[in-house]
Amino acid sequence: MRAGLAAKLASARAALPGGVDLRVVEGHRSTADQQEIFEEYTDTLRVRYPGVDAVATA
């Protein structure tokens with residue numbers, strides 16, 4: 001995990017209320033794994049929201 005991300009996670013953890021914690025499932029994914037996850041999630045969203053293909057940002 002990159003040092004910057006570790007610092008952000010530490011800050012986020014410190015801001016959580018007592019009894020609540022973070023759980024990191026994966027700290028590194030290959031580019032191919034990340035692309036596959038992105039594509040699967042995109043396909044899921046397209047099925048769930050068939051009329052939406054892009055979101056306009058202001």
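Quick note: residue numbers are just sequence positions, from 1. Any value given below was found using the heavy atoms of this structure, including those in side chains, with hydrogens, waters and symmetry copies removed.
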Once side-chain contact (heavy atoms from CB on, under 4.5 Å) is applied, do any residues pair with [X], and if so which ones, sequence neighbours excluded?
X   : answer
V47 : none
Q35 : F38, E39
Y41 : L45

Handout entry: Heavy-atom pair with the smallest gap, counting every atom of L9 and L22
Key =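 So the two residues come closest at O-CD1, 3.5 Å.
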Handout entry: Set of residues satisfying side chain to side chain donor-acceptor pair (under 3.5 Å) with respect to S30, sequence neighbours excluded
Key =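 Counting only residues at least two positions away or on another chain, S30 forms a side chain to side chain donor-acceptor pair (under 3.5 Å) with D33.
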Practice task
List in chain and number order the residues that pass salt bridge (Lys or Arg N to Asp or Glu O under 4.0 Å) with D21, two or more places apart in sequence or in another chain; answer none if no residue qualifies.
Solution key: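 D21 satisfies salt bridge (Lys or Arg N to Asp or Glu O under 4.0 Å) with R13 only.
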